[in-house]
Amino acid sequence: MTALRLYNTRTRRKEVFEPLEPGQARVYTCGPTVYAPQHIGNLVAYLFADQLKRALLAEGLRVTHVINITDVGHLTSDADTGEDKLEKQAAATGRSAAEIAAQYTAQWKRDCERVGCLEADVYCKATEHIAEQIELVRTLEAKGYTYRIDDGIYFDTSRFPHYAEFARLKLDEQKAGARIGDVPGKRAPADFGLWKFASPGVKRQQEWDSPWGRGFPGWHVECSAMSVKYLGANFDIHTGGVDHIPVHHTNEIAQSECALGIHPWVRYWMHTEFMELRGEKISKSKGHTLVLDDLAARGFEPLAFRYFVLQAHYRQQQTFSFEALEAAATGYGRLLLQAMEVRDAPGEADPERIAPLRERFRDAVRDDLNAPQALALAHEVARDSALPAPERRALLLEFDAFLGLDLARAVPRQAESESDPAIDARVAEREAARTARDFARADRIRDELAAEGIAIEDTPSGPRWRRSR
RNA sequence: GGCGGCGUAGCCAAGUGGUAAGGCACGGGACUGCAAAUCCCUGAUCACCGGUUCGAAUCCGGUCGCCGCCUCCA
């Protein structure tokens with residue numbers, strides 16, 4: 001029996017996963033910054049975390065999963081300049097920062113649920129953990145890791161010798177001037193804000209009192225403060241997008257390890273690659289705002305998007321296109337249909353017969369979450385007519401605990417029949433013509449309906465229709 | 001300029017030393033009055049050049065192309 005192996009960014013290797021506490025895994029996922037809608041690229045990160053969680057559960061582990069919601073302090077630049085994203089959005093729309101955060105948090109949660117993500121145990125907001133963040137900064141200050149400049153309290157990266165290790169940074173070789181608008185007084189470009197002072201004369205919607213004066217926390221502090229609060233000073237896995245490696249996670253590690261005196265603070269770091277659109281990263285700042293509802297508007301159900309994502313490995317950039325999504329949707333529909341066919345088959349599965357296929361599936365999942373291989377095996381089982389229906393059913397349902405494709409659902413989209421009096425009448429009219437062997441008339445009615453986007457399917461139990469895309 | 005990743009059939013993509021998963025599309029077949037839906041069958045020597053090896057898509061070197069990070073984004 002193989003063990004669950006995960007690719008650890010920290011060591012750049014696949015490693016056997018061993019939780020700190022036997023039987024219990026603790027996972028923290030870097031969640032959304034809720035100043036704008038979460039697009040389908042963002043969703044990929046949560047779908048990855050969901051794969052991880054399901055794989056851990058399949059190993060029989062209890063999983064405590066925490067996701068943060070960034071609703072303050074995320075500036076438009078990581079160089080500690082620029083505006084706070086929430087404040088900026090509030091100013092632009094005339095709405096309150098809290099209102100904006102609530103709206104996009106709800107949208108994000110709903111979309112995660114629609115693509116089949118299991119709920120997290122804790123969703124924690126940065127604004128509700130200001131005291132914890134201040135406490136963390138105080139600890140760092142007491143240990144001498146901070147310095148104060150006009151703009152705020154900063155972390156002194158020169159005090160942390162391991163700073164460049166995690167992201168394998170070569171700080172002195174990074175392009176000079178790449179950081180635009182650096183903060184005056186910062187001792188090194190990599191130093192980052194822990195507590196930012198509210199600018200004199202500027203009234204922020206979100207600001208709090210602190211030992212250093214009124215202001216707001218730096219973006220990185222929240223993750224350190226909240227993860228430690230809910231998962232303990234030392235926990236198992238921290239996930240996020242690959243873009244977080246050089247700055248956000250590097251800074252989290254610096255402040256956490258210095259404050260806690262633990263190394264490694266988090267044992268396994270896992271990162272998702274980006275989904276590409278038209279040959280480039282899907283990015284809010286490039287005007288890409290494709291959201292799940294946009295896919296739904298084109299007739300794609302959310303789980304078809306999940307199926308699409310499962311087709312590629314999480315550490316591989318995947319190219320999104322509607323053509324590719326269409327292919328995924330079709331494949332998913334057929335898989336559902338095949339699963340439905342064996343759903344009510346009488347009889348029990350023979351354990352001996354199931355075992356080898358079950359092991360192959362587990363091996364795929366255990367090899368750093370190889371979802372594409374796992375999915376391929378599901379297809380293999382689904383269409384293997386040599387395998388009795390009870391065996392197929394048992395395997396597919398078991399596979400679905402990881403895939404999350406709702407293979408147990410009663411009615412796949414393909415088998416759905418819609419109802420509309422006007423259309424039903426014309427379908428009946430065509431059926432009458434067919435019975436009378438007036439095929440010219442029958443075909444004319446079918447063509448007319450097709451022109452309106454209605455597809456007729458003749459089945460042994462009579463005709464049915466559905467709207468085609 | 002520095003660092004990292006990728007380049008597998010028309011498309012989305014697994015595989016990382018032993019002779020190319022899976023999905024979709026295309027083509028053929030079954031079924032159908034004809035279609036649709038469904039089912040079955042069918043395709044690639046793995047960007048290019050050179051090297052290591054009994055053997056490479058898989059290792060090494062080089063070339064070309066693409067993507068990401070270094071500056072907000074999962």
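Residue numbers begin at 1 in each chain, while the letters A, B, ... track the order of the sequences.
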Rounding to an integer number of Å, can you tell me how far [X] [atom1] sits from [N] [atom2]?
X      : N      : atom1 : atom2 : answer
A/Y163 : B/rC70 : OH    : P     : 12 Å
A/F308 : B/rA14 : CZ    : C1'   : 14 Å
A/R315 : B/rA14 : CZ    : C1'   : 13 Å
A/Q38  : B/rC73 : CD    : P     : 12 Å
A/I40  : B/rC12 : CD1   : C1'   : 13 Å

Side-chain atoms of A/N370 come closest, of B/rA74, B/rA14, B/rC12, to B/rA14
Ion pair [X]/[Y], N-O distance below 4.0 Å:
X      : Y      : value
A/D121 : A/R26  : no
A/E301 : A/R409 : yes
A/R362 : A/E359 : yes
A/R298 : A/D294 : no

Task: A/V115 vs A/Y46 side-chain heavy atoms within contact, under 4.5 Å - done: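 The answer is no, as the side chains (C-beta and beyond) never meet within the 4.5 Å cut-off.
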Measuring only the [atom1] atom in each nucleotide, how far is [N] from [M]? A whole number of Å is fine.
N      : M      : atom1 : answer
B/rG2  : B/rU63 : P     : 13 Å
B/rU38 : B/rC46 : P     : 34 Å
B/rA57 : B/rU19 : C1'   : 11 Å
B/rU58 : B/rC66 : P     : 22 Å
B/rA21 : B/rU45 : P     : 13 Å
B/rU42 : B/rG5  : P     : 38 Å
B/rA25 : B/rG33 : P     : 25 Å

Please produce a list of atom pairs where a protein N or O lies less than 3.5 Å from an N or O of nucleotides 33-36 of chain B.
unit_1: B/rG33; atom_1: O6; unit_2: A/R434; atom_2: NE; d: 3.1
unit_1: B/rG33; atom_1: N1; unit_2: A/D443; atom_2: OD1; d: 3.0
unit_1: B/rG33; atom_1: N2; unit_2: A/D443; atom_2: OD2; d: 2.5
unit_1: B/rC34; atom_1: O2; unit_2: A/R446; atom_2: NH2; d: 2.6
unit_1: B/rC34; atom_1: N3; unit_2: A/R446; atom_2: NH1; d: 2.9
unit_1: B/rC34; atom_1: N3; unit_2: A/R446; atom_2: NH2; d: 3.4
unit_1: B/rA35; atom_1: N6; unit_2: A/D458; atom_2: OD2; d: 3.0
unit_1: B/rA35; atom_1: N1; unit_2: A/D458; atom_2: OD2; d: 3.1
unit_1: B/rA35; atom_1: N3; unit_2: A/R446; atom_2: NH1; d: 2.8
unit_1: B/rA36; atom_1: N1; unit_2: A/D458; atom_2: O; d: 3.0

Sugar-phosphate, base or nothing in reach of [X], heavy atoms under 4.0 Å:
X      : answer
A/H271 : nothing
A/Q338 : sugar-phosphate
A/E273 : base

Could you go over nucleotides 19-25 of chain B and give all protein N or O partners under 3.5 Å, atom names and distances?
unit_1: B/rG22; atom_1: O2'; unit_2: A/H379; atom_2: ND1; d: 3.4
unit_1: B/rG22; atom_1: N2; unit_2: A/Q311; atom_2: NE2; d: 3.3
unit_1: B/rG23; atom_1: OP1; unit_2: A/R383; atom_2: NE; d: 3.2
unit_1: B/rG23; atom_1: O2'; unit_2: A/Y307; atom_2: OH; d: 3.3
unit_1: B/rC24; atom_1: OP1; unit_2: A/R334; atom_2: NH1; d: 2.8
unit_1: B/rA25; atom_1: OP2; unit_2: A/R334; atom_2: NH1; d: 3.4

Collect all protein-nucleotide pairs involving nucleotides 16-18 of chain B in which both atoms are nitrogen or oxygen and the distance is under 3.5 Å.
none

Just by distance, no angles: are the side chains of A/D368 and A/Y314 close enough, under 3.5 Å, to form a donor-acceptor pair? yes
How about A/Y163 and A/N251: does a side-chain donor come under 3.5 Å of a side-chain acceptor? yes
*asked:* Using OP1 and OP2 only, check whether a side-chain N or O of A/N42 sits under 4.0 Å from B/rC73.
replied: no
Check your understanding: Is the A/Y154-A/W195 ring centre distance short of 6.0 angstrom?
Key ->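 Ring-ring flag for A/Y154/A/W195: false, centres at least 6.0 Å apart.
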Scan A/R466, A/E431, A/R430 and name whichever one has a side chain to side chain contact (heavy atoms under 4.5 Å, CB included) with A/I456.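 Passing option: A/R430.
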Between A/V44 and A/Q317, the residue closer to the 5' end of RNA chain B by nearest nucleotide is A/Q317
Which distance, rounded to the nearest 0.5 Å, do you find between the NE2 of A/H271 and the OH of A/Y7?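 Those atoms lie 10.5 Å apart.
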